[in-house]
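The structure under discussion appears below in the form of structure tokens.
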Number of protein chains: 2
Amino acid sequence: MRPLFHPALEDIKPEAILYALSDPERVAIFAKLAGAGGGGTCSALADLGNRVIPKSSLSNHFKVLRESGLIMSERQGVEMRNQTRCTELDERFPGLIRAILTAYGQLPGQPKAN
Amino acid sequence: MRPLFHPALEDIKPEAILYALSDPERVAIFAKLAGAGGGGTCSALADLGNRVIPKSSLSNHFKVLRESGLIMSERQGVEMRNQTRCTELDERFPGLIRAILTAYGQLPGQPKAN
DNA sequence: TCAACAGTTCCGAATTTCGGAACTATGGAA
DNA sequence: TTCCATAGTTCCGAAATTCGGAACTGTTGA
């Protein structure tokens, strides 16, 4: 297993962010992670209610989120702890993440807009 | 040529917006249109400096922008007049478009962030 | 040493994107 | 009218991407 790649803050590309968050499943995962404060594991974040996401797809979702710069993942024992990079991101792209989550109606503790 | 489809405001999906704007070429076109006030034609918006975009790709870009709800297109004589739906969009997804254009450093009259 | 678990990688099938060539619609000129 | 030029769309095959099952890797606990 090669080490996980995380882009440096200044290397994060807006197109990668938008692409990553143009998939509702990934948004749901990311929003859940943003809401859940601490680091959720992959499988804990996987339950989106409506569908069983195959492990490999899930792994790929996390990879896309990670490599776009949206999350940080770190192995801790047998599982993976994930956390958002929201604070950093907001410095680089002010208001972006919040506006996106709001658009999806996924901002923690907010009524669904969609 | 079938008539052009434009989604109603309430049918616009955030995922479609993000997907459409996850392509730098489309962003460049959209930003140019947003900057250029009035309705630019397809070919007028096509010149992004760095690359000759094939007509068919260009047509497809406009289709993606149109069907995601980002722009309105209307035939006027031999050409196509396009305009952004920024005002409507900002009502439905407050701050979203601006945050995205800012992230790309494409907000009219702003230094490049990327 | 082994089994179980969390997640990754591999790889073939299905889907999507890209772009050249042919086509369509409109307006102006002869 | 007919013909031509212009602006854009559609078609369709090739290339690239995505999806997901199966096999694999790394870690912990028995």
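- Criterion: ILVMFWY side-chain heavy atoms under 4.5 Å apart, direct or through other members. Under it, A/Leu9 and A/Phe93 are part of a common hydrophobic cluster.
- Looking only at side-chain heavy atoms (C-beta outward), A/Leu96 and A/Asp90 stay at 4.5 Å or farther from each other.
- The interatomic distance linking A/Phe62 (CZ) with C/dT9 (P) rounds to 14 Å, in whole Å.
- Counting to the nearest Å, the P atom of D/dT18 and the CD atom of B/Glu15 are 16 Å from each other.
- Between A/Lys63 atom NZ and D/dT17 atom P there is a gap of 12 Å when expressed in whole angstrom units.
- At C/dG7, none of the side-chain N or O atoms of A/Arg81 fall inside 4.0 Å of OP1 or OP2 (strictly under the cut-off).
- B/Thr84 is not listed as a side-chain neighbour of B/Ile97, based on a closest heavy-atom distance of 4.5 Å or more.
- Within 4.0 Å (heavy atoms only), A/Arg26 reaches no atom of the nucleic acid at all.
- In this structure, the CG atom of B/Leu65 is 15 Å from the C1' atom of D/dG8, given to the nearest Å.
- Rounded to whole angstrom, the span from the CZ atom of A/Arg75 across to the P atom of D/dT28 amounts to 8 Å.
- Proximity of a side-chain donor or acceptor of B/Ser22 to a complementary backbone N or O of B/Tyr19 within less than 3.5 Å is detected.
- Partners of A/Glu74 under the salt bridge (Lys or Arg N to Asp or Glu O under 4.0 Å) rule, at least two apart in sequence or in another chain, do not exist in this structure.
- In terms of the side-chain hydrogen bond (donor to acceptor under 3.5 Å, both in side chains) criterion, residue partners of A/Ser73 (sequence neighbours excluded) are, by chain and number, A/Arg66, A/Asn82.
- Taking atom CD of residue B/Glu25 and atom P of nucleotide C/dT17, one finds them 14 Å apart after rounding to whole Å.
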Under 3.5 Å, N/O pairs linking protein and nucleotides 27-30 of chain C:
none

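- With sequence neighbours excluded, the residues satisfying side chain to side chain contact (heavy atoms under 4.5 Å, CB included) with A/Ala20 are A/Arg26, A/Val64, A/Leu65, A/Ser68, A/Leu70.
- Checked against side chain to side chain contact (heavy atoms under 4.5 Å, CB included), B/Lys55 has no partners two or more places apart in sequence or in another chain.
- Taking a 4.0 Å limit (strictly below) on heavy-atom distances, residues 16-24 of chain A does not reach DNA chain C anywhere.
- If you chain together hydrophobic residues whose side chains sit under 4.5 Å apart, B/Leu58 and B/Leu21 fall into the same group.
- The shortest non-hydrogen separation linking A/Ile71 to A/Phe62 is CD1-CD2, 3.7 Å.
- Whole-Å rounding puts the A/Glu67 CD to C/dT8 P distance at 11 Å.
- In this view, B/Glu25 and B/Asp23, B/Leu48, B/Arg51, B/Ile53, B/His61 satisfy the side chain to side chain contact (heavy atoms under 4.5 Å, CB included) rule, not counting sequence neighbours.
- Residues from residues 51-60 of chain A placing a heavy atom under 4.0 Å of any atom in DNA chain C, listed by number, are A/Lys55, A/Ser56, A/Ser59.
- Atom-to-atom, CZ of A/Phe5 to C1' of C/dT8 comes out at 18 Å; the value is rounded to the nearest Å.
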